[in-house]
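In what follows, every heavy atom counts, from backbone to side chain, and hydrogens, waters and symmetry copies are set aside. Owing to the predicted nature of the structure, the values given are computational and were not obtained by experimental measurement.
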Amino acid sequence: MSAKLQSVLGWSTACYRSGAMRQDPSLGAVPSSSRWSTSVVAALMILGLACGGPPDPTQLVVGIQSEPMGGVVSALHVAIRVGDAVVDDELIRPPHGSKVGFPQPWEKTISGAGRSAAQVDVRVDAIGDPAAPTPLFTRLASTHFVRGRSALLRTQLESRCIVYPPTPRGNSKVPGPLSGPACTPPATCIMGICQSSVVPAAALEAYAPNWPSNAPDRCKPRNGGPPALQVGTGQSYYLPLTPGQTLQAEAGPQGGHHIWIATRMKNMKQAGSTTKITGIQPDTGTTIPPTTLAFTYGPDEGGFCKLYGIRYQLDNEGIDYKQFLGKPLDVVVKVTDPSGSTATSTARVQIASTLVNP
């Protein structure tokens, strides 16, 4: 007997024993599987059809995971819609009260039975101060069920998407934090810029219970070779740097002054790798305090993975940015992945003497 037929018969038998078809006493008791005859098999298959057939295995698991947030997120408000109906709306708080290490991986299984063609929309509001009128940022994701499968909608929360309110400058020399973009739905913040929130069903992963730790990693394949790292520039994508290329600093919304840095690496983990950037003025040895980021890399050509849109502040920790204008700067980048693999690369650039937006 085929596995598919066994499944139908098992469902039909369970349906009968549950009482769904006991209105007709002429059917009698359900025999053991060893005594099934052709006529009994046919009758049970008809019973299965009358009960609605085997259960629909179509389901979507919404999986939310996060980069380190430094304790600024106090709760997540998650709302999930299937078509026009809200199927889940809940507030997730740190399990033990401490915001250290929060948010932690979270999942919710949504059944697609009878509605596999419907669109699934997910909204995650990362809440900082509960009394604040707006969340720190909102992450959106939309997709469709994969008929007959249990699929995973992996939704990554990123610290660079936090939208900080403008801070009064006064006489302070210390710039405010780097602020993420405010995206207009249905766009959402991904890798620090506004992108489409739609995830095609064909791009969904098959669900596995250990999904938080088994993320597909295109950046560090098995036996991929030694780590490699390149330093470039770019706000919206990676662009290579030529030696001594001139970069213009910009005034940021929080009072800081930055240049755009981008990186490409391979044979290091896509998620969980830290990127440390240090600037050194070669003539004077003046060092800009380092910036360390825990951003997730995105896939790129040639086996590389890229990180772009990095605002590297020349006045990090309040150092005077003007001393770097019109002078060369060595930008030193070091990437370290969770396994301890590291790569370091240095690019010498020329900082323009004027700002883009003084």
Side-chain angles (χ1 to χ4, degrees), residues 63-71 100-105 152 154-161 178 190-193 203 205-206 208-243 258-280 287-313 316 329-349:
I64 298 173
Q65 59 187 153
S66 176
E67 294 177 343
M69 291 291 176
V100 177
F102 183 79
Q104 298 169 343
L152 172 69
R154 189 186 296 271
T155 307
Q156 181 79 14
L157 307 183
E158 303 174 76
S159 58
R160 63 183 130 173
C161 292
L178 295 176
I190 300 174
M191 296 192 72
I193 61 174
E205 308 166 41
N210 65 336
W211 66 266
S213 60
N214 76 343
D217 198 338
R218 300 175 58 177
C219 307
K220 191 175 185 178
R222 185 183 300 275
N223 302 320
L229 177 65
Q230 299 172 356
V231 181
T233 186
Q235 177 181 0
S236 303
Y237 38 82
Y238 176 91
L239 292 172
L241 283 169
T242 57
H258 62 268
I259 56 175
W260 293 104
I261 295 297
T263 60
R264 293 177 84 226
M265 62 81 167
K266 64 179 177 180
N267 299 324
M268 286 182 284
K269 293 290 290 183
Q270 180 177 11
S273 294
T274 59
T275 303
K276 181 180 179 180
I277 308 175
T278 305
I280 303 173
T287 300
I288 301 172
T291 295
T292 302
L293 312 167
F295 295 161
T296 300
Y297 278 72
D300 198 12
E301 300 175 349
F304 279 86
C305 287
K306 60 187 175 184
L307 189 62
Y308 51 81
I310 302 173
R311 293 184 178 97
Y312 180 58
Q313 288 188 241
N316 192 28
L329 183 72
D330 289 335
V331 179
V332 183
V333 179
K334 180 179 181 180
V335 176
T336 304
D337 81 356
S339 69
S341 297
T342 64
T344 303
S345 181
T346 301
R348 176 165 293 185
V349 299

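- Minimum heavy-atom separation, Gly192 to Cys161: N-SG, 4.2 Å.
- With hydrogens and angles ignored, the 3.5 Å screen pairs a side-chain donor or acceptor of Thr233 with a backbone N or O of Trp260.
- Distance alone, capped at 3.5 Å, is enough to place a donor-acceptor pair between the Asp337 side chain and the Lys269 backbone.
- Counting heavy atoms from C-beta outward, Thr263 and Ile277 have side chains that stay 4.5 Å or more apart.
- The side chain to side chain donor-acceptor pair (under 3.5 Å) test applied to Arg264 returns Gln230, Asp300, not counting sequence neighbours.
- Under the 3.5 Å distance criterion, the side-chain polar atoms of Gln270 are left unmatched by any main-chain donor or acceptor of Asp217.
- Residues Pro103 and Ser66 approach most closely at CD-OG, 3.6 Å, considering heavy atoms.
- In this view, Ser345 and Leu229, Val231 satisfy the side-chain contact (heavy atoms from CB on, under 4.5 Å) rule, not counting sequence neighbours.
- For the pair Tyr308 and Tyr238, the tightest heavy-atom approach, listed with the atom from each and the gap, is CB-N, 4.1 Å.
- With sequence neighbours left out, Thr274 forms a side-chain contact (heavy atoms from CB on, under 4.5 Å) with Thr292, Thr336.
- Rounding to the nearest 0.5 Å places SG of Cys305 at 10.0 Å from CE of Met268.
- With a 4.5 Å cut-off on side-chain heavy atoms, Val331 and Val349 count as touching.
- With sequence neighbours excluded, the residues satisfying side-chain contact (heavy atoms from CB on, under 4.5 Å) with Pro290 are Lys276, Thr278.
- Across Ile190 and Glu158, no two heavy atoms sit closer than the pair CA-OE2, 3.4 Å.
- Separation of atoms CD (Gln313) and CD1 (Ile261) is listed at 13.0 Å; rounding is to 0.5 Å.
- Remark: Thr275 engages Tyr297 in a side chain to side chain donor-acceptor pair (under 3.5 Å) (not counting sequence neighbours).
- The heavy-atom pair separating Gly303 from Lys266 by the smallest distance is O-CB, 3.3 Å.
- Applying the salt bridge (Lys or Arg N to Asp or Glu O under 4.0 Å) test to residues at least two apart or on different chains, none of the pairs has a partner in residues 228-239.
- Between atom OG1 of residue Thr346 and atom NZ of residue Lys334 there is a gap of 12.0 Å, rounded to the nearest 0.5 Å.
- Contacts of Asn267 classified as side chain to side chain donor-acceptor pair (under 3.5 Å), with partners at least two apart in sequence or in another chain: none.
- Rounding to the nearest 0.5 angstrom, the gap separating the NZ atom in Lys220 from the OG atom in Ser273 is 7.5 Å.
- Listed by chain and number, the residues in a side chain to side chain donor-acceptor pair (under 3.5 Å) with Thr291 are Asn316 (sequence neighbours excluded).
- For Ser159, the side-chain contact (heavy atoms from CB on, under 4.5 Å) partners at least two apart in sequence or on another chain are Glu67, Met69, Phe295.
- Taking the side chain as every heavy atom from C-beta outward, Val333 and Met265 never approach each other to under 4.5 Å.
- Nearest heavy atom pair, residue Met191 against residue Gly298, reads CE-N, 3.6 Å.
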